[in-house]
**Q** 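Below is one structure. I have some questions about it.
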Protein chains: 4
Amino acid sequence: MTADVEVRLRADARRNRDQIIAAAKVMFTEDGPEVPMEEIARRAGVGVGTLYRRFPDREALIRAVAQSNFADVLADAKAAETEEPTAWDAFVRLVGRSLALRLTLQFPLWSLGMWEAMRDDLEITRFRDEILAILDRIVVSAQQEGALRPDVGSGDVAVLVSLLLRRMPVPTDRVAMMTDRILALLFDGLRAQPGGLPGQPITPSDLGKD
Amino acid sequence: MTADVEVRLRADARRNRDQIIAAAKVMFTEDGPEVPMEEIARRAGVGVGTLYRRFPDREALIRAVAQSNFADVLADAKAAETEEPTAWDAFVRLVGRSLALRLTLQFPLWSLGMWEAMRDDLEITRFRDEILAILDRIVVSAQQEGALRPDVGSGDVAVLVSLLLRRMPVPTDRVAMMTDRILALLFDGLRAQPGGLPGQPITPSDLGKD
Amino acid sequence: MTADVEVRLRADARRNRDQIIAAAKVMFTEDGPEVPMEEIARRAGVGVGTLYRRFPDREALIRAVAQSNFADVLADAKAAETEEPTAWDAFVRLVGRSLALRLTLQFPLWSLGMWEAMRDDLEITRFRDEILAILDRIVVSAQQEGALRPDVGSGDVAVLVSLLLRRMPVPTDRVAMMTDRILALLFDGLRAQPGGLPGQPITPSDLGKD
Amino acid sequence: MTADVEVRLRADARRNRDQIIAAAKVMFTEDGPEVPMEEIARRAGVGVGTLYRRFPDREALIRAVAQSNFADVLADAKAAETEEPTAWDAFVRLVGRSLALRLTLQFPLWSLGMWEAMRDDLEITRFRDEILAILDRIVVSAQQEGALRPDVGSGDVAVLVSLLLRRMPVPTDRVAMMTDRILALLFDGLRAQPGGLPGQPITPSDLGKD
DNA sequence: TATGAATGAGCGTTCATTCAT
DNA sequence: CATGAATGAACGCTCATTCAT
């Protein structure tokens with residue numbers, strides 16, 4: 001019974017927490033990392049105080065949102081790896097179709113401070129490492145399949161995608177088509193076999209040392 | 001004499017204006033679009049009052065900086081078109097080597113409001129149209145040369161580049177190499193002849209309607 | 001059975017109340033009258049809600065703490081009066097050695113509002129009157145003994161002590177010695193017989209009219 | 001002419017600064033160190049922004065007020081030393097009659113943090129050292145005159161006074177008389193020759209090491 | 001006209017108090 | 001009756017913009 005009460009309480013708190021993160025995810029994505037905390041609270045249907053009870057400051061909230069995003073990406077990556085017939089298919093699905101990936105990647109680009117905050121977050125680091133490990137497996141397999149050019153590393157892919165998948169400030173109805181074309185161009189570039197790329201393939205550990 | 005005085009004043013004012021824009025260009029690039037106006041003024045060596053005399057508000061200043069950037073890009077584009085032996089070379093130079101282009105492109109991505117402000121600025125629109133016209137000529141020529149795949153439009157290129165050329169939040173010594181590799185991948189994709197891209201080539205007028 | 005339960009509850013409640021007051025006493029003394037209520041509750045090992053159930057607001061809690069302090073002082077005063085051989089000894093013990101007195105006296109000095117709150121508290125007033133009555137008896141006796149100068153009233157002593165016995169913001173190891181010296185100076189002043197003090201001796205009833 | 005303009009500007013700013021400090025002095029004294037900054041600004045007749053332009057944060061303002069207070073005390077101390085016929089007279093005047101001293105002394109008692117902030121302020125330290133040096137001279141002279149007991153140091157006096165001269169939370173009309181009586185008691189204690197005080201005389205350098 | 005002082009709205013954050021569980 | 005989650009008012013501080021000099 002006591003347990004029951006506590007579970008109920010937790011359920012409530014949990015729901016609030018989730019609502020806050022959901023609201024923050026939307027508002028950060030729409031309005032950038034400086035949206036007034038009060039707006040986030042309003043959108044989540046709670047008071048500011050509640051928001052601050054769960055997340056002591058803005059950075060904590062951002063980290064929580066990032067964790068949530070990374071968790072989604074990890075799920076996507078796992079699904080892509082296990083469900084697709086070829087590594088290239090998995091690659092295309094993960095890079096080209098993961099909405100979670102898109103949302104996640106525009107996050108750390110906000111500012112250097114944010115980048116660092118996220119790098120120091122253990123949870124996020126863990127997610128990131130897992131994701132990169134999966135991506136690395138996919139890249140290597142796709143190269144063994146002969147579908148992906150051999151002179152790229154999974155780090156190249158990560159950088160490329162992180163640069164590419166950001167919100168375009170154009171009317172939304174056009175974004176979809178544009179994005180598809182850009183991705184197609186990108187895949188063509190990644191498939192091409194010819195001459196070498198400059199420098200060395202970028203690996204996950206290159207990124208890790210940032 | 002009066003004229004003389006006025007001319008002098010104008011020279012002074014001109015210098016102030018230029019210093020302010022130069023300072024703003026640096027600080028916007030380094031610290032984003034929300035740097036305190038007073039910092040910009042300090043860096044320009046003038047008082048805030050002077051800044052506000054020249055640019056009634058932040059948006060006006062941003063527009064002025066953008067104009068200046070676009071003018072630089074236009075100069076780059078003209079030089080590329082006239083000085084390079086082939087259209088493909090001009091294309092690579094403009095897209096891959098124009099620092100002005102890079103700086104310019106990270107600008108309108110700051111926010112939707114900024115994008116709109118710039119679209120409504122007559123001067124900027126003029127620059128932009130000229131730039132896109134040149135880019136379009138280069139693209140068409142490069143396609144006639146057989147160097148550039150025929151199923152892309154100059155709008156594709158503009159979008160691709162605008163997404164690609166942004167500051168990466170990684171240590172600077174690594175950025176150069178990463179950028180080179182990404183650009184090489186991109187050019188390979190653009191060179192590839194194979195199957196079609198989805199949708200229709202994006203043209204300058206597509207972008208104009210945003 | 002119901003009675004039993006209620007008695008049990010009362011015992012519980014009583015214990016909670018005591019813990020809260022004990023915690024508050026410590027924290028008010030250490031951190032001043034504005035310590036967050038939640039900290040007090042945490043230290044007392046109860047939830048804020050419980051604290052507020054017992055004490056409707058901060059002032060109520062402060063009054064309760066003050067009552068407790070005054071009760072301790074009264075006990076000290078009674079003990080001093082009955083246990084010491086001479087009135088002067090009782091006087092020195094009460095004024096110079098009563099820790100309860102010291103703690104109590106830094107209390108009402110916090111603010112005028114607090115002072116008034118305490119003056120309007122019937123319980124506190126009763127304690128205070130009893131304490132002052134004892135002090136007055138001691139003062140008169142000590143004067144009859146010839147030990148204490150005749151031109152002071154117990155009110156003088158009360159005022160003097162209330163000003164004197166406050167925490168000094170210096171490293172604690174030095175405080176003890178300083179306090180001893182100050183008290184010795186004070187007692188010398190009180191013992192001295194010479195010329196008159198200005199004004200009239202301050203009596204308990206003078207204080208009562210504040 | 002330019003100079004003239006600048007002087008005018010400075011005069012304005014100076015006046016604002018002075019008004020802010022004056023207001024802060026009053027409000028800190030009346031309401032403690034946590035009065036809302038906005039109240040201080042209102043009382044000074046300026047906006048919050050102006051206040052923050054001059055004093056980057058609350059601590060800076062407090063330090064400025066303290067400096068001003070200490071400067072006043074120093075002036076009082078100098079006047080007492082030069083104008084009074086005997087060292088004992090100077091002593092009584094400084095300790096017993098300096099309003100500036102009274103106001104100053106309730107300052108550092110607010111909190112440990114404040115005490116430290118003031119100790120790290122070079123300006124304040126300088127004033128303090130000068131004041132203590134004068135007090136020390138006065139104490140020594142008064143002892144040579146035979147008026148002041150020889151077993152106290154100027155540090156004893158400083159501590160005693162700092163404890164003694166604080167606002168009493170009683171109706172103002174009674175404060176004056178009470179204070180006079182307390183001071184008279186104190187002076188009697190200081191004059192008395194009998195037995196020794198415990199510990200060693202407290203010197204300015206003892207205080208300096210706090 | 002250039003300056004920088006003044007203003008005040010706005011956001012982050014804390015905490016007293018209330019109330020659902 | 002205990003708990004601790006939720007609320008929102010209040011205050012610190014920043015900065016865009018205005019305006020006196």
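Residue numbering restarts at 1 for every chain, and letters A, B, ... go by the order of the sequence lines. The structure presented is a predicted model; accordingly, all values stated were derived computationally and were not measured.
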**Q** Taking the side chain as every heavy atom from C-beta outward, state whether A:Phe127 and A:Asn69 have any pair of such atoms under 4.5 Å apart.
**A**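 In short, these two side chains do not touch, never coming nearer than 4.5 Å.
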**Q** Within the structure provided, determine whether D:Ile21 and D:Phe55 are in side-chain contact (heavy-atom separation under 4.5 Å).
**A**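 Yes, their side chains come closer than 4.5 Å.
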**Q** Hey, which sits more toward the 5' end of DNA chain E by its nearest nucleotide, D:Gly45 or C:Val35?
**A**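 Result of the comparison: D:Gly45.
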**Q** Please tell me which of C:Asp57 and A:Val48 maps to the more 5' nucleotide of DNA chain E, matching each residue to the nucleotide holding its nearest heavy atom.
**A**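 Checking each residue's closest nucleotide, the 5'-ward one belongs to A:Val48.
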**Q** From the options F:dA2, F:dG4, E:dA16, select the nucleotide whose nearest atom is closest to the side chain of C:Arg53.
**A**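 Taking heavy atoms from C-beta onward, the closest nucleotide is F:dA2.
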**Q** Between P on E:dT17 and CD on C:Glu59, what's the gap in Å once rounded to a whole number?
**A**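 Going from CD in C:Glu59 over to P in E:dT17 covers 10 Å.
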**Q** From CD1 of A:Ile20 over to C1' of F:dT7, roughly how many Å is that when rounded to an integer?
**A**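 Those two atoms, CD1 and C1', are 12 Å apart.
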**Q** Counting the atoms with a prime plus P, OP1 and OP2 as sugar-phosphate, which does D:Arg17 contact under 4.0 Å by heavy atoms, base, sugar-phosphate, or nothing?
**A**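 The answer is nothing, as D:Arg17 stays clear of every strand by at least 4.0 Å.
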**Q** Using whole Å, what does the distance between atom P of nucleotide F:dA2 and atom CZ of C:Arg15 come to?
**A**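 Spelled out: CZ on C:Arg15 to P on F:dA2 is 11 Å.
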**Q** Look up atom CG in D:Asp121 and atom CD in D:Gln67, then write down how far apart they are to the nearest 0.5 Å.
**A**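 Atom-to-atom, D:Asp121:CG and D:Gln67:CD are 4.5 Å apart.
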**Q** Starting at atom CZ of D:Phe55, determine the distance to atom P of F:dG12, rounded to an integer number of angstrom.
**A**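 To the nearest whole Å, that distance equals 15 Å.
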**Q** Under the 3.5 Å rule, do the base of E:dA16 and the side chain of C:Arg58 count as making a donor-acceptor pair?
**A**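 Such a pair does not exist between side chain and base.
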**Q** Sort out the partner of F:dA10 for me: Watson-Crick or G-U wobble, both distances under 3.5 Å, none otherwise.
**A**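 Paired with F:dA10, as far as the under-3.5 Å criterion goes, is E:dT13.
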**Q** As a test of reading the structure: which of E:dA6, E:dT3, E:dC11 is closest to the side chain of B:Val46, going by heavy atoms?
**A**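 Nucleotide nearest to B:Val46's side chain: E:dT3.
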**Q** Test: side-chain hydrogen bond (donor to acceptor under 3.5 Å, both in side chains). Region: residues 40-58 of chain D. Which pairs qualify, not counting sequence neighbours?
**A**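 Pairs touching residues 40-58 of chain D that pass the test: D:Glu39-D:Arg42.
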**Q** Both D:Gly49 and A:Gly47 contact DNA chain F. Which one's nearest nucleotide lies toward the 5' end?
**A**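 On the 5' side of the pair lies A:Gly47.
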**Q** Compare all side-chain heavy atoms of B:Leu51 with those of B:Arg17 and state whether any distance is below 4.5 angstrom.
**A**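 Counting from C-beta outward, B:Leu51 and B:Arg17 never come under 4.5 Å.
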**Q** Of all the heavy-atom pairs spanning C:Ile20 and C:Ala44, show the shortest one and how long it is.
**A**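 Heavy atoms only, the tightest pair is CA-CB, 3.7 Å.
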**Q** Of all the nucleotides listed (E:dA6, F:dC1, F:dC13), which has the minimum atom distance to the side chain of D:Thr50?
**A**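 Of the options given, the side chain of D:Thr50 lies nearest E:dA6.
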**Q** Output the rounded distance in Å from CG (D:Leu61) to P (F:dC13).
**A**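 From D:Leu61 CG to F:dC13 P: 10 Å.
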**Q** Please give me the minimum heavy-atom distance between A:Lys25 and A:Asp72, naming the atom from each residue.
**A**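 Scanning both residues completely, I find the closest heavy atoms to be NZ-OD2, 3.6 Å.
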**Q** Rounding to an integer number of Å, can you tell me how far C:Asn16 CG sits from F:dA2 C1'?
**A**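 Atom CG in C:Asn16 sits about 8 Å away from atom C1' in F:dA2.
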**Q** Looking at F:dT21, which nucleotide sits across from it as a Watson-Crick or G-U wobble partner, both distances under 3.5 angstrom, or is there none?
**A**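 Checking every strand shown, F:dT21 finds its partner in E:dA2, with both distances under 3.5 Å.
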**Q** Considering only side-chain heavy atoms of A:Tyr52, which listed nucleotide, E:dT14, E:dA5, F:dA2, is closest?
**A**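 Among E:dT14, E:dA5, F:dA2, the one nearest the side chain of A:Tyr52 is E:dT14.
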**Q** For DNA chain E, which residues of residues 37-44 of chain C approach it to below 4.0 angstrom with any heavy atom?
**A**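 C:Met37 - these, ordered by number, are the residues of the stretch whose heavy atoms sit under 4.0 Å from the strand.
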**Q** Starting at CD of D:Glu34 and ending at P of E:dC15, how long is that distance when rounded to a whole Å?
**A**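 Rounding to the nearest Å, CD of D:Glu34 and P of E:dC15 are 10 Å apart.
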**Q** Round to the nearest Å and state the distance from A:Arg14 atom CZ to E:dA20 atom P.
**A**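 Rounding to the nearest Å, CZ of A:Arg14 and P of E:dA20 are 24 Å apart.
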**Q** Mind checking the CE-CD1 spacing from D:Met37 to D:Ile40? Nearest 0.5 Å is all I need.
**A**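 Between D:Met37 CE and D:Ile40 CD1, I get 5.5 Å after rounding to 0.5 Å.
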